[in-house]
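Worksheet: one structure, shown below.
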Amino acid sequence: MVWAAPALAAVTLCLRVSTDPVKATAAALIVGAVLSNAEHPHLEALVCDLEPGTIPASHPNILEKLKLCPGLAGVQQDALNALLLSGDTAYGDPSSWDVQTLQDLGPLVLALNQTTLSLVAEAAREGFRRSIAAAYISQGRSQREKSLMLLRALAAASAASQPRLQRSADRCQSKPITASNIEDIILLFLPDDFNQLDLDQLDLCLSNDVLVDNLEVVLELPLTTEANLVLKKKVDEFFKGSGIPEEKLRHLGTLSRLYTEQEISQWQVTSSDTLSALLSNSGGKWNDSQVQQLLSRYLALGGSLTGPLLQEIGGRRLCNLQEEQIQQIPAAAIGTAGQLDISSCSQSKKDQLYRKAREAFASLASTPGSYYCQIKPYLGGAPAEDLKNLANAGVAINMDLGTFLALNPEELQKLSVIDVKHLLGENLSELKEHEHEPLVVSWVQQQSQQELDCVLNIGLQGGRVPEPAQPTSNGNTNLQPEPGSGSRLCSCLALLLAAAVGSVLLGGLL
């Protein structure tokens, strides 16, 4: 049936544009009848584009085709529910559904509305909720989001069909949570549906020892900050007096972010593995003051900062360390830390880190290009002597303006026009775009305008201009070029200019 796909597409188009209800109904019946039993892939793809009015008028087998759709629009979902509520499908009336029926609906279950769900027996809903909760921990992120959406919908349906009972705040009102039913935490304490009684029940139904023994699993569950505070309290109670052992610190995850700087200062963080686990982004965002305390505690207990740890810490937080702590960082760690952004460091800390980087990459010094690529993030602490050596290494490094403008201002002023030309290389023209930067203005003012014009030739203005040549006591004009002139061409031009000025002056004297 080569004609089937284009013909059906035409019918579908007619359905969309038709304002005649008779024609629309006829088109719906044609589309529904053909698509419901279609095996051709082109025809199946058209199912996902069906107008809402087409779905209830279709053959009940249309549901199996709709399962293949990546998602249904809101009006399509309404039409799907209307078809299911009719009971005229392979699934029967919603009131007869069991757990298996809900599972058989597959992705269509995500489209069920409260009206449909409320007709499902409570036992079936509860069994389905438990099956979702049991699978949650092993699911990926996108699937977890769908699971939570389903759990919220099922919880809302249960709440609508039977009012929530007032629960006692002094005893667990459900089955106690153990290692075998740890996922029940989701069912009892669904995110966005917490109140104080829920928090009390979490405290009462989950014992401290079960929590500590299953900490990693529990923290995989989607809990609110308020719930995590309850968990933190329980962990602290369990280890009261002895402190949290290092092995458990590695698994604190999101709970670790709830501890104060004072509490962190008591942790036994002696292993780089423990520090790395605590710094992991999977646990959420730290405050800078917390990280500072964590690193201080680690270093105070004899820990050493490695390259991978420096990567996890990041340049900004590295800059928050004390100079004495930065001094403890081995040069080898800088060598394996990758590209750290230390722009927020004080100048003295940049100087410290540069010296360590220079030591770490010393073996690359004979290959200026590779050396520059590695030491680039730390050049803000480089002295002028090292910058001159880099500029005159015989290889164009083409320093970008961002790195150039981040150099130590005092050391930059010591660079000559030739030094800057060699450092920037093919990026020299960009210096003109930044001529109003205070750092550039200050450097330009210390250079000879003659050199700026002849050596750079990018239109920078504001350099030093030599005083006009003055006749000597014997009537001659001093034709010596200004010391430090950049090129032979400029010297020649200077001589010509001086000679011309001298001639004018001499003519005036005669």
Side-chain angles (χ1 to χ4, degrees), residues 339 341-351 353-355 357-358 361-362 364-467 480-495 497:
Q339 301 285 308
D341 180 3
I342 62 169
S343 58
S344 61
C345 283
S346 66
Q347 188 58 57
S348 59
K349 291 178 183 178
K350 288 180 182 178
D351 296 347
L353 291 168
Y354 171 75
R355 290 192 292 270
R358 183 175 59 184
F361 303 121
L364 298 175
S366 59
T367 53
S370 299
Y371 178 72
Y372 169 72
C373 287
Q374 295 296 327
I375 206 166
K376 174 182 170 182
Y378 307 97
L379 286 176
E385 181 181 358
D386 288 5
L387 294 172
K388 287 176 177 289
N389 290 337
L390 197 58
N392 299 295
V395 176
I397 61 171
N398 301 317
M399 180 181 288
D400 62 274
L401 263 293
T403 301
F404 180 78
L405 295 174
L407 297 176
N408 183 338
E410 292 186 8
E411 301 303 314
L412 176 60
Q413 305 308 315
K414 301 174 186 178
L415 299 181
S416 69
V417 174
I418 290 292
D419 292 333
V420 170
K421 180 178 181 179
H422 288 170
L423 280 175
L424 295 180
E426 61 185 31
N427 295 321
L428 178 61
S429 60
E430 295 181 25
L431 187 60
K432 173 65 176 175
E433 301 171 16
H434 297 272
E435 64 180 332
H436 299 300
E437 292 278 352
L439 194 66
V440 177
V441 171
S442 178
W443 177 79
V444 166
Q445 289 174 345
Q446 297 188 52
Q447 312 307 315
S448 162
Q449 185 62 50
Q450 198 172 73
E451 282 193 275
L452 293 172
D453 293 339
C454 298
V455 177
L456 300 187
N457 191 29
I458 57 174
L460 289 181
Q461 299 296 317
R464 292 184 291 106
V465 178
E467 294 292 330
Q480 278 291 94
E482 181 188 0
S485 295
S487 69
R488 182 172 298 176
L489 175 59
C490 286
S491 296
C492 292
L493 291 173
L495 287 172
L497 178 61

Note to self: Are V444 and Q447 packed together at the side-chain level, in the sense that at least one heavy-atom pair is separated by less than 4.5 angstrom?
What the structure shows: no

Next item on the list: Provide the closest heavy-atom pair for S370 versus L364 in the form atom of the first, atom of the second, distance.
Entry: O-CD1, 4.2 Å

Notebook entry, point to check: Could you walk me through whether F404 and L439 pass the side-chain contact (heavy atoms from CB on, under 4.5 Å) check?
Noted result: CA-CA 10 Å; F404 180 78; L439 194 66; 5.7 Å; no

Item checked: Distance-minimising heavy-atom pair for K350 and C345 -> CE-O, 3.3 Å

Checklist line | Residues which pass salt bridge (Lys or Arg N to Asp or Glu O under 4.0 Å) with E435, listed by chain and number, not counting sequence neighbours | finding: K432

Check: V420 and side-chain contact (heavy atoms from CB on, under 4.5 Å): which partner among I418, L424, V417?
Finding: L424

Next item on the list: Provide the closest heavy-atom pair for N427 versus M399 in the form atom of the first, atom of the second, distance.
Entry: ND2-O, 3.2 Å

Notebook entry, point to check: So, the side chain of E411 versus the backbone of P383: is there a donor-acceptor pair under 3.5 Å, distance only?
Noted result: no

Check: Who passes side-chain contact (heavy atoms from CB on, under 4.5 Å) against S442, sequence neighbours left out?
Finding: Q413, Q446

Note to self: Holding to side-chain contact (heavy atoms from CB on, under 4.5 Å), I want the full list of residues that pass it with S343, two or more places apart in sequence or in another chain.
What the structure shows: D341

Next item on the list: Looking only at non-hydrogen atoms, find the nearest pair between W443 and L415 and report the distance.
Entry: NE1-O, 2.9 Å

Next item on the list: Could you tell me the separation between the CG atom of N457 and the NZ atom of K421, rounded to the nearest 0.5 Å?
Entry: 8.5 Å

Note to self: With side-chain contact (heavy atoms from CB on, under 4.5 Å) as the criterion, how do Q461 and D453 come out once you've worked through the C-alpha distance, each side chain's angles and the decisive distance to 0.1 Å?
What the structure shows: CA-CA 8 Å; Q461 299 296 317; D453 293 339; 3.9 Å; yes

Item checked: All side-chain contact (heavy atoms from CB on, under 4.5 Å) counterparts of D351, not counting sequence neighbours -> Q347, R355, N408

Notebook entry, point to check: If we only count heavy atoms from C-beta on, is the Y372 to V395 side-chain gap below 4.5 Å?
Noted result: no

Check: Applying the side-chain contact (heavy atoms from CB on, under 4.5 Å) test to L405, which of L412, V440, L431 qualifies?
Finding: V440

Item checked: Within residues 386-402 or reaching into it, pairs that qualify as side chain to side chain donor-acceptor pair (under 3.5 Å) - sequence neighbours excluded -> Y354-D386, R358-D386, K376-D400, K388-D419, N392-D419, N392-H422, D400-T403

Next item on the list: Look up atom CD1 in I458 and atom CD in E430, then write down how far apart they are to the nearest 0.5 Å.
Entry: 10.0 Å

Next item on the list: State which residues pass side-chain hydrogen bond (donor to acceptor under 3.5 Å, both in side chains) with S344; sequence neighbours excluded, sorted by chain then number.
Entry: none

Notebook entry, point to check: Backbone N or O of V465 within a donor-acceptor pair of the Q450 side chain at under 3.5 Å?
Noted result: no

